[in-house]
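Note sheet for the following structure.
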2 protein chains.
Amino acid sequence: MRKPGKSQTRQRILKFIHDFVDDRGYAPTVRDILRGCSLSSTAVVQHHLNVLEREGYIHRDPEVFRSIQLLDRKNTIRVPLLGSIAAGEPIPVPSSETWTSEAIEVLQLTEELTQGKEVYALKVNGLSMMDALIDDGDIVLMEPANTAEDGDVVAAWLKDKQEVTLKRFFQETGRICLQPANSQMKPIYVNPEDIEIQGRVIGVIRKL
Amino acid sequence: MRKPGKSQTRQRILKFIHDFVDDRGYAPTVRDILRGCSLSSTAVVQHHLNVLEREGYIHRDPEVFRSIQLLDRKNTIRVPLLGSIAAGEPIPVPSSETWTSEAIEVLQLTEELTQGKEVYALKVNGLSMMDALIDDGDIVLMEPANTAEDGDVVAAWLKDKQEVTLKRFFQETGRICLQPANSQMKPIYVNPEDIEIQGRVIGVIRKL
DNA sequence: TTGGTTTCCGAACACGTGTTTTATAAACTA
DNA sequence: TAGTTTATAAAACACGTGTTCGGAAACCAA
């Protein structure tokens, strides 16, 4: 009384879990799976779940009800939109307390975009970032940072011009090179003491 | 021995649920909340959960363990990355069957970005879209469309030039105006029969 | 004060649910 | 063929968990 294929029951179970989570928003129990896949013993389900976990498809916390997690699902992360970024004013830099308390709005993004880092978002005000290919109304994802590595795109405060700019950062001997994303535009060079790194840009989102 | 504020306990509970779900991937039980919020009776938690549900913050399925769902969570949607978009070639337009079968990769995005529409994604190849403030490597979110309204940003195939372009669409008398996002650049005008709308752009994503 | 509402406590009940055990049958290996 | 591994079945155990109830404490309004 065994299935012909190698393990088509396991495929059914995995699909059932997917559908169940999509539908109900939480994971099924062993007995939910039993009924949903027309099996007749919890031990069968138990066995297949163990195999699925060993093979890396799911994760379970032992003894915890409804704790099946599908490992190909990415978590969504709540990203606080802390304010705006404009040419003439420094950007809001989050303290540990502003994180959700002072958020104007809370975006919900996946690790696809946040890359697992603790980020915050800023809305771009005006056209001053156009040389970084950033439009009015775009949302930039920032990672808090005071320093930068070569090649990072940073939000830099230029003390002499009293303005913030988004450019690619390169450390050179005695000076810093800030390169626009738009390669048709020329880089600018500043003294290290005339610049203040306010954050690292890890993404841009434009909703139309 | 009652809390001073009006119902700060309820706030604590809601925050605890958020953190718990973020951390573990499934919802807490009544007793998890009890311990996590330093309360001493499940009935207290039960009461606050009822209020939270009545006020629309959460949803619970009666008698089901760990069934608390946070209603401000947006669903994540699997978006197929169907190919690339480059200057000299038409963009891949999805049939109903390519939807996930021919996907090069599957992005996972929230309704925040997809706006609830059925979208697909294309990776931008080259710098030809720079006048739309789109960089090499950016990902554009497309909604299938053959027509456009005034103001839409569309992917248009220009028959005479044999190239695809991303521009804002405006219908004028006898001609069509295609306006770059970069306002420093001039719009172009084409005959209605020289243009073919291949899709509507609803978003742009740049990962750095 | 008075009454009414909300919040809290402690305890108990009922059952959903993960787990284990034993047994049987099918498939694979040598 | 015999031996091993895998898949299935039925039943039972142990406890996690939603729910309920009676009563007390804090707050509010008249």
Side-chain angles (χ1 to χ4, degrees), chain A residues 1-21 23-71, chain B residues 1-21 23-71:
Chain A
M1 231 142 302
R2 191 192 177 188
K3 288 288 145 53
K6 47 173 191 170
S7 188
Q8 129 191 23
T9 305
R10 210 136 55 218
Q11 299 290 334
R12 279 226 317 283
I13 289 178
L14 197 56
K15 173 165 171 46
F16 176 79
I17 297 173
H18 265 101
D19 293 345
F20 192 100
V21 173
D23 186 35
R24 311 261 298 255
Y26 46 82
T29 64
V30 171
R31 286 173 178 81
D32 286 332
I33 298 171
L34 180 143
R35 284 184 287 267
C37 295
S38 304
L39 300 172
S40 46
S41 171
T42 58
V44 181
V45 181
Q46 203 68 271
H47 167 247
H48 287 297
L49 290 180
N50 288 335
V51 177
L52 284 172
E53 179 154 30
R54 189 173 349 116
E55 291 177 350
Y57 291 103
I58 63 172
H59 175 70
R60 295 214 295 166
D61 288 357
E63 322 246 340
V64 176
F65 300 167
R66 297 186 184 277
S67 70
I68 299 174
Q69 296 160 71
L70 293 161
L71 292 182
Chain B
M1 229 141 305
R2 190 195 176 188
K3 288 291 143 50
K6 49 173 189 171
S7 188
Q8 128 191 26
T9 305
R10 209 139 53 220
Q11 299 289 335
R12 279 226 317 282
I13 289 178
L14 197 57
K15 173 166 170 45
F16 176 79
I17 297 173
H18 267 103
D19 293 344
F20 191 101
V21 173
D23 185 36
R24 312 261 299 255
Y26 46 80
T29 65
V30 171
R31 285 173 179 81
D32 285 332
I33 298 170
L34 180 144
R35 284 184 288 269
C37 295
S38 303
L39 300 171
S40 46
S41 171
T42 58
V44 182
V45 181
Q46 202 68 270
H47 166 248
H48 287 299
L49 289 180
N50 287 336
V51 177
L52 285 172
E53 179 154 30
R54 191 174 345 118
E55 291 176 349
Y57 291 102
I58 63 173
H59 176 68
R60 294 212 296 166
D61 287 358
E63 322 249 339
V64 176
F65 300 168
R66 298 188 183 276
S67 70
I68 299 174
Q69 296 160 71
L70 293 161
L71 293 182

(request) For A:I68 and C:dG18, give me the distance from atom CD1 to atom P, rounded to whole Å. (result) 7 Å
(request) Take atom CZ of B:F65 and atom C1' of D:dT17, then tell me their distance rounded to the nearest Å. (result) 4 Å
(message) Of the listed nucleotides (C:dC9, D:dA7, D:dT8), which one gets closest to any side-chain atom of A:R10?
(response) D:dA7
(request) Grab the two heavy atoms, one from B:P28 and one from B:V21, that are nearest each other, plus how far apart they are. (result) CD-CG2, 4.4 Å
(message) Is there a side-chain contact between B:R60 and the phosphate of D:dT19, meaning an N or O under 4.0 Å from OP1 or OP2?
(response) yes
(request) Starting from C1' on D:dT8, measure out to CZ on A:R12 and report it in whole angstrom. (result) 13 Å
(request) Nearest-nucleotide wise, let me know which of B:S67 and A:R31 is further upstream toward the 5' end of DNA chain D. (result) A:R31
(message) Please determine whether any donor N or O and acceptor N or O are separated by less than 3.5 Å between the side chain of A:T42 and the base of C:dT19.
(response) yes
(message) Any base atoms under 4.0 Å from A:E63, or only sugar-phosphate, or nothing? Heavy atoms, all strands.
(response) sugar-phosphate
(request) Might you point out which heavy atoms bring B:Y57 and B:L14 nearest each other, and give the distance in Å? (result) CD2-CD2, 3.9 Å
(request) Take the protein atom CD1 of B:I33 and the nucleotide atom P of C:dT7, then report the distance between them rounded to whole Å. (result) 16 Å
(message) From CG of A:L39 over to P of D:dA7, roughly how many Å is that when rounded to an integer?
(response) 12 Å
(request) Could you tell me the separation between the CD1 atom of B:I13 and the C1' atom of C:dC8, rounded to a whole number of Å? (result) 11 Å
(request) Just compare C:dT17, D:dT8, C:dC9 and give me whichever is closest to any side-chain atom of B:S41. (result) C:dC9
(request) Could you check how far CG of A:N50 sits from P of C:dT21, rounded to whole Å? (result) 13 Å
(message) Are the side chains of B:Q69 and B:R60 in contact, using a 4.5 Å heavy-atom criterion?
(response) no
(request) Please determine, for the side chain of A:P62, which listed nucleotide (D:dA9, C:dC9, C:dT19) has the closest atom? (result) C:dT19
(request) Ignoring the backbone of B:Q46, work out which of D:dT17, D:dA9, D:dT20 is nearest its side chain. (result) D:dT20
(message) C:dG18, OP1 or OP2 - any side-chain N/O from A:R66 closer than 4.0 Å?
(response) no
(request) Could you work out which one of C:dT7, C:dA12, D:dA10 sits closest to the side chain of B:H48? (result) C:dT7
(request) Find the distance A:H47:NE2 to C:dA25:P and express it as a whole number of Å. (result) 19 Å
(message) Please confirm whether the shortest side-chain N or O distance from B:S40 to OP1 or OP2 of C:dG10 is below 4.0 Å.
(response) yes
(message) Can you confirm whether A:T29 sits close enough to A:T42 that some side-chain heavy atom of one is under 4.5 Å from a side-chain heavy atom of the other?
(response) no
(message) Would you call the rings of B:F20 and B:Y26 parallel, tilted or perpendicular, taking 30° and 60° as the class edges?
(response) perpendicular
